[in-house]
Amino acid sequence: MANRLINEQSPYLLQHAHNPVDWYPWGDEAFEKAKAEHKPVIVSIGYSACHWCHVMEHESFEDEAVAAYMNEHFVCIKVDREEHPDVDSMYMDAVQAIGGSGGWPLNVFVTPERAPFYGGTYYPPRAAYNRPSWKQLLGRMADLWEDQQAEVLQQAEQMISHLRQASQNIFKATGAGTDKDTCRKIADNLLKQADKVHGGFGNAPKFPGTMAISYLLEHYHFTGYEPALKHALHSLDAMIEGGIYDQLGGGFARYSTDREWLAPHFEKMLYDNALLVSALCDAYSITKQPRYAEIIRDTIAFVERELRDSSGGYYCALDADSEGVEGKFYTWTWDEWIASVPGADGDIAAQHFGVQQEGNWEGTNILHVAKSMDEIAIENSLSVEEVKHGIAEVKRRLLADRNKRIRPQTDDKCLLSWNALMNISLCKAGVAFASLPTTGNDNYIARAQAHMEWMLETFLHNGALLHTWKNGTARIAAKLDDYAFLVQALLQLAAAIGENKWIKQAVELVEAVIHQFSHESGFFYYTAGDQHDIPVRKTDTYDGATPSANALMAHNLWLCGMCMEQNEMVERANLMVQHISETAVRYCYSFAYWAMLLQRQVMGLKTVVCAGKAANEMLEEMQANYLPQAYLLTLQKEISDLPILENKFFADKMYIFVCSEQACLSPVSSAGEALSLING
């Protein structure tokens, strides 16, 4: 018999709709029931692609006896963390304060007033891993609520006070100046955290670290600092050759469980692939290496093929599991390999992809680049072209056989923030490939335009944004990252195609953010002022799996302020960066997007206006260059509704105006002259 979750849209909640647990979705109904019955509440948080969420569901939430105990002693709520990132963030902070670590599934015990008093992550069905079983923990929490309720309520209030205080702990400006030495110090601090052997940063588990990679690439671009370039490219190359990258179908998994990038946690998230495409576009723009262009195209092709809804939006993720086994869809036993690709080509490909009879991971094989095609050619007395052709044929056959397998589940809801990140990556790919011949398969700018139209039509209602969409219905109030990422996508699209209407739309949304999300410090809350379903409003400033929404808003404020000649926006952006600068230097990996903004300020942020009847042609010429510190605009007619464009059009002349916060330099008439001013 189905529970209340059967009426929800989230694939994660629908996975639990037939549990014997009497689950409620997040909302007032569950907490009103808890108040009426004087019961504590279990808030269990996860997401569709989470392997351990599936494990705990099977072990505990499908158990009739466990479910009966939960239903008798608690009111139980299931939350999709991607639908309610604010709820997840608040309770994650609480669990980390209680136990020092967090993760998913996240299981929190809270009062009927939504205040947390205990929590943890995965709990086994029997006591193990130095933790109690889930049923033991349920008994302890029920007894604690029954026997020591006053102390529990007091502890919960203390936790709320702690979370509120932590959320108000906004960084203060120190007055210390920033210069090129500051930027070098950030680069060196990142390199101190670098895994010089295997690429990336830190030890296992190892995440892509795309913002840090992009900082290093930009630092090399500005300064020529070779160690920054070397490690950024080493990191990207290691991921491209590792098991974290799908060697057959393209696309990246969320993270690697080992230091070598061999064994991923196999779920594929939209945001990871969008951010990696962006970083790869930076690498390609600097190096022009064809391999980066190839991986960009293959990753976008994966997203288009496997995560695109017929309406035009992009889904959240592919699950890690299929047939109840993590990674089964992507891995190959030796017998499966031989059956699919027998013969000499299969032997050659096995050398390339590191396929072994005994397996290279848990008795099966994760495909990765174990040996280069050049090495294989030499060892087997073949030409490189022969090896390439043979491996390409093997990949085609393997992919055809893999497509016959039972696929991992798709989380087919569309989130505005993640879709906006994908839109940004499409724009960056279009600009990076601007000088290359356009084909019907990689006209990324046109795709970005169509996708932007879809996002605005889908998520923008009565001047306000919504957060999630599925089956024709958008719902749940948008959060700061939804606004911040969409504004940035609008601005990048405007610069990529020279259509200033997108800037006007971005400015309207920025003004909405200022009105609804502003914190007295100048930063922004994560939730709007009219949202009252959580007891703590947070002001996150650090990068997580996605860039800091506050950092994106600082970037947006500067660009919109410059375009509209609204100094208060520019000053607010500068103040935000100033407040965070010392922290960005010390904790640069977690504040890498802030570090990029700081570096661009030091190197000279510019707006660049191409004005004249041939403005679009000049824009394309400028786009052939990597200019992270410059924002490009076009003006092809005398009248414009952007203040920055006023009095810059001359019917019989073509000018490029390069402007900083302080002033516009004398106009020039060629891209070369403009580049000298931008980079000077």
Side-chain angles (χ1 to χ4, degrees), residues 26-28 30-45 74-77 79 81 84-121 137 140-173 477 479-481 516-542 544 548-550 576 579-580 583 587 590-591:
W26 178 263
D28 293 339
F31 289 103
E32 291 302 322
K33 176 180 172 67
K35 290 175 185 177
E37 299 180 4
H38 306 288
K39 288 182 177 180
V41 178
I42 295 172
V43 179
S44 182
I45 304 172
F74 303 90
V75 175
C76 304
I77 298 176
V79 176
R81 67 176 293 258
H84 295 282
D86 48 339
V87 175
D88 174 64
S89 180
M90 180 186 69
Y91 288 134
M92 181 66 76
D93 286 349
V95 168
Q96 289 176 331
I98 291 166
S101 62
W104 299 279
L106 185 68
N107 294 289
V108 193
F109 296 86
V110 311
T111 70
E113 286 72 35
R114 314 183 190 215
F117 61 87
Y118 193 76
T121 54
L137 183 64
R140 292 178 189 176
M141 293 299 105
D143 291 345
L144 193 65
W145 182 260
E146 183 69 25
D147 301 334
Q148 302 179 53
Q149 191 170 135
E151 291 92 332
V152 169
L153 293 174
Q154 182 181 17
Q155 179 177 323
E157 277 305 308
Q158 290 173 348
M159 176 59 72
I160 290 296
S161 296
H162 165 74
L163 295 176
R164 285 175 176 158
Q165 180 62 37
S167 182
Q168 298 302 316
N169 188 23
I170 301 296
F171 303 100
K172 303 297 182 184
K479 314 308 176 192
L480 182 64
D481 52 357
Q516 299 174 29
F517 291 83
S518 285
H519 185 277
E520 61 186 12
S521 65
F523 288 81
F524 297 95
Y525 287 110
Y526 186 65
T527 53
D530 58 0
Q531 181 180 333
H532 304 293
D533 63 340
I534 55 174
V536 178
R537 289 183 79 192
K538 291 190 63 178
T539 50
D540 285 337
T541 53
Y542 54 85
S548 161
N550 264 289
M576 291 171 74
H579 275 294
I580 218 85
T583 303
Y587 306 106
S590 298
F591 291 82

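For the numbers below, each heavy atom of this structure counts, side chains included, while hydrogens, waters and symmetry mates do not. The shown structure was predicted, so the numbers you read here are calculated from the model rather than taken from an experiment.
Between I160 and E113 there is no side-chain heavy-atom pair separated by less than 4.5 Å. In this structure, V43 and W26 have side chains that are in contact, with non-hydrogen atoms separated by less than 4.5 Å. For the pair K39/F74, no side-chain contact is recorded, criterion being any heavy-atom separation below 4.5 Å from C-beta on. Side-chain contact between D533 and R114 is present, with heavy atoms from C-beta onward closer than 4.5 Å. The shortest side-chain heavy-atom distance between F31 and I77 falls under the 4.5 Å cut-off. With contacts defined as side-chain heavy-atom distances shorter than 4.5 Å, the pair M576/F523 qualifies. Between P85 and K479, some side-chain heavy-atom pair lies under the 4.5 Å cut-off.
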Could you list the donor-acceptor pairs under 3.5 angstrom formed by side chains in residues 96-107, with sequence neighbours left out?
unit_1, atom_1, unit_2, atom_2, d
W104, NE1, D88, OD1, 2.8
N107, OD1, S44, OG, 2.7
N107, ND2, T121, O, 2.9

Got a list of side-chain donor-acceptor pairs under 3.5 Å for residues 144-153, not counting sequence neighbours?
unit_1, atom_1, unit_2, atom_2, d
W145, NE1, H38, O, 3.1
Q149, NE2, W145, O, 3.3

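Closest approach of V79 to H84, counting heavy atoms only: CG1-CB, 3.9 Å. For the pair A30 and V75, the tightest heavy-atom approach, listed with the atom from each and the gap, is O-CG1, 3.5 Å.
We find the CD1-CG distance between I534 and L163 to be 10.5 Å, quoted to the nearest 0.5 Å. Rounding to the nearest 0.5 Å gives a distance of 10.0 Å between CD of E520 and OG1 of T539. The distance from the OH atom of Y525 to the CZ atom of F517 is 12.5 Å, given to the nearest 0.5 Å. The structure places CD1 of I42 at 10.0 Å from CE of M141, a figure rounded to the nearest 0.5 Å. Summarising the geometry, atom NZ belonging to K538 is positioned 2.5 Å from atom OG belonging to S89; distances are rounded to the nearest 0.5 Å.
Without hydrogens or angle criteria, N550 side chain to F524 main chain gives a donor-acceptor distance under 3.5 Å. Listed for the R164 side chain is a donor-acceptor partner under 3.5 Å among the backbone atoms of P535. Q516 places no side-chain N or O within donor-acceptor distance of the main-chain N or O of A528, the cut-off being under 3.5 Å. Put simply, the side chain of S167 gets close to the backbone of R537: a donor and an acceptor are under 3.5 Å apart.
When the shell of 6.0 Å around CD of E37 is examined, it contains more than 12 heavy atoms from other residues, nucleotides or ligands.
Residues passing the ring pair (Phe, Tyr, Trp, His ring centres under 6.0 Å) test with Y526, sequence neighbours excluded: none.
The aromatic rings of F109 and Y118 are tilted relative to each other, their planes meeting at an angle between 30° and 60°.
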